[in-house]
Amino acid sequence: MKIRECSFVEAILWLSEILGINPDEIKKDNNGDNKHVKIVGKLVELKSKKKIEYKQVDEFTLSSIQDMIHPWMSKQGFSIKTCQHVGIGYGIHGVLNGRITFPIDAPNGQIISVSGRMPDYEKLEVPKYYIIGHSQVKNTLWNYSRIDKNLSEVFVVEGFKSVMMLYQHGYKNSVAAIGASLSMEQKNLLLKLACNITVICDNDQVGEQFGQAV
């Protein structure tokens, strides 16, 4: 699609023509012996999948977040400019009260989830993170909406802070899986970029598993 500047359907028809396959006959083939038929069949299957519908976080949640940079972020080595670039805020009431907030964006920039990080979670004996809209997290990659879609390389990391540190050092085309695994939806988002993928893993066993998964 990217190389030929065409639609998804046109791309399928183009591949089918090269392979000498009739797209209408693909699903009728039950032998499963033809590798090329399987490939184009997978494309048809992807085409028929229901499009992901992103739901924006409710207004009550958004109104509970204040545009404030918590001193903890500075202690972690982040500048105000970096924090503002990714929309870091601070929860002032509700379940996010006292938490540094990381807005999680859909590919179109819509805020579909919010992750709240408690600075002194051990001292307060509360969970380190609290995520609103958790079910939608694996349908996106954090910072995906902000990167240049005509890039030649993308950096894939596990979490928010890694993306922010890369940005602060001049590497603006980075995204986070928001965890140590990749969903099929996240893989598809990466493939749509049609560029080189560099994985930067945390220096532990989980990080190594994440790198191999990507």
Side-chain angles (χ1 to χ4, degrees), residues 52-146 155-169 171 174-186 189 199-211 213-214:
I52 297 173
E53 292 185 7
Y54 297 98
K55 185 178 179 182
Q56 183 168 315
V57 173
D58 62 90
E59 287 299 323
F60 177 79
T61 298
L62 294 177
S63 66
S64 71
I65 299 171
Q66 193 175 59
D67 291 332
M68 173 194 137
I69 310 301
H70 193 277
W72 183 84
M73 296 301 292
S74 177
K75 290 179 181 178
Q76 295 296 304
F78 299 114
S79 67
I80 292 177
K81 180 183 176 182
T82 299
C83 292
Q84 289 176 337
H85 175 72
V86 294
I88 300 299
Y90 186 71
I92 54 175
H93 59 77
V95 293
L96 295 174
N97 185 37
R99 292 180 178 272
I100 298 164
T101 58
F102 297 80
I104 299 172
D105 52 317
N108 63 4
Q110 192 177 35
I111 299 176
I112 57 173
S113 180
V114 178
S115 178
R117 207 276 193 195
M118 184 64 77
D120 301 316
Y121 72 96
E122 292 175 323
K123 182 178 178 181
L124 298 171
E125 298 183 345
V126 297
K128 185 176 182 179
Y129 282 99
Y130 187 92
I131 300 180
I132 293 175
H134 191 279
S135 61
Q136 296 202 80
V137 168
K138 287 303 177 182
N139 289 333
T140 189
L141 289 160
W142 195 63
N143 200 48
Y144 189 88
S145 67
R146 300 181 191 89
F155 299 94
V156 184
V157 297
E158 293 177 46
F160 310 124
K161 292 197 293 181
S162 296
V163 167
M164 294 174 66
M165 195 57 73
L166 282 169
Y167 173 82
Q168 198 157 284
H169 285 82
Y171 298 94
S174 60
V175 295
I178 320 173
S181 63
L182 273 187
S183 67
M184 184 56 69
E185 290 75 16
Q186 290 174 320
L189 286 173
V199 190
I200 303 177
C201 318
D202 289 354
N203 189 25
D204 53 23
Q205 186 177 358
V206 175
E208 184 179 346
Q209 292 171 352
F210 168 70
V214 179

Do side-chain atoms of Ser174 reach the backbone of Leu166 as a donor and acceptor pair under 3.5 angstrom? no
Once side-chain hydrogen bond (donor to acceptor under 3.5 Å, both in side chains) is applied, what residue pairs with a partner in residues 114-130 remain, sequence neighbours excluded? none
At what distance, to the nearest 0.5 angstrom, does NE2 of His169 lie from OG1 of Thr82? 9.5 Å
Walk me through it: do Phe78 and His70 pass the test ring pair (Phe, Tyr, Trp, His ring centres under 6.0 Å)? CA-CA 11 Å; Phe78 299 114; His70 193 277; over 10 Å; no
Of all heavy-atom pairs between Ala106 and Ile112, which one has the smallest distance, and what is that distance? CB-CG2, 3.8 Å
Mutual orientation of the aromatic rings belonging to Phe155 and Tyr171 [parallel < 30°, tilted 30-60°, perpendicular > 60°]: perpendicular
Check: Asn108 side chain, Gln110 main-chain N or O, donor-acceptor pair, under 3.5 Å: yes
So, Gln168 side chain and Ser79 main chain: donor-acceptor pair closer than 3.5 Å or not? yes
What heavy-atom pair brings Gly98 and Pro119 nearest, and what distance separates the two atoms? O-CD, 3.5 Å
Are side-chain heavy atoms of Tyr54 and Asn139 found at a separation under 4.5 Å? yes
d(Tyr90 OH, Ile100 CD1) to nearest 0.5 Å is 7.5 Å
Rounded to the nearest 0.5 Å, how far apart are CD of Glu185 and CG of Leu141? 10.5 Å
I would like to know whether Ile69 and Ser74 meet side-chain contact (heavy atoms from CB on, under 4.5 Å); could you show each step before the answer? CA-CA 8 Å; Ile69 310 301; Ser74 177; over 6 Å; no
Keeping the roles fixed (side chain from Lys55, backbone from Gly133), state whether a donor-acceptor pair exists under 3.5 Å. no
What orientation do Phe102 and Phe160 show, parallel under 30°, tilted 30 to 60°, or perpendicular over 60°? parallel
Could you report the tightest heavy-atom contact between Ile92 and Ser63, atom names first, then the distance? CD1-O, 4.4 Å
Residues Thr61 and Asp58: closest non-hydrogen pair is N-OD1, 2.9 Å
Arg146 backbone acceptor or donor facing Asn143 side chain under 3.5 Å: no
Checking Asp105 against Val86 for the side-chain contact (heavy atoms from CB on, under 4.5 Å) test, could you report, in this order, the C-alpha distance in whole Å, the side-chain angles of both residues, the deciding distance, and whether it holds? CA-CA 10 Å; Asp105 52 317; Val86 294; over 6 Å; no
Can you confirm whether Glu208 is buried at CD, in the sense that more than 12 heavy atoms of other residues, nucleotides or ligands lie under 6.0 Å from that atom? no
Please give me the minimum heavy-atom distance between Arg99 and Pro127, naming the atom from each residue. NH2-O, 2.9 Å
State, yes or no, whether a side-chain contact exists between Leu189 and Pro107 at a heavy-atom distance under 4.5 Å. yes
Rounded to the nearest 0.5 Å, how far apart are CD1 of Ile131 and CG of Leu96? 10.5 Å
Could you check whether atom CG of Asp204 has more than 12 heavy atoms from other residues, nucleotides or ligands sitting under 6.0 Å from it? yes
Can you check whether Met164 reaches Ile88 side chain to side chain, under 4.5 Å on heavy atoms? yes
Provide the closest heavy-atom pair for Lys161 versus Gln76 in the form atom of the first, atom of the second, distance. NZ-OE1, 3.1 Å
Expected output: side-chain Gln186 to main-chain Thr140 donor-acceptor under 3.5 Å: yes
Give a yes or no on whether the backbone of Glu158 and the side-chain of Trp142 come within a donor-acceptor separation of less than 3.5 Å. no
Drop me the distance from Thr101's OG1 to Gln66's CD, to the nearest 0.5 angstrom. 10.0 Å
Separation of Cys83 SG from Asp67 CG (nearest 0.5 Å): 12.0 Å
Please lay out, stage by stage, how Leu62 and Gln56 fare under the test side-chain contact (heavy atoms from CB on, under 4.5 Å). CA-CA 10 Å; Leu62 294 177; Gln56 183 168 315; 3.7 Å; yes
Side chains of Trp72 and Met118, heavy atoms from C-beta outward: is any pair under 4.5 Å? no
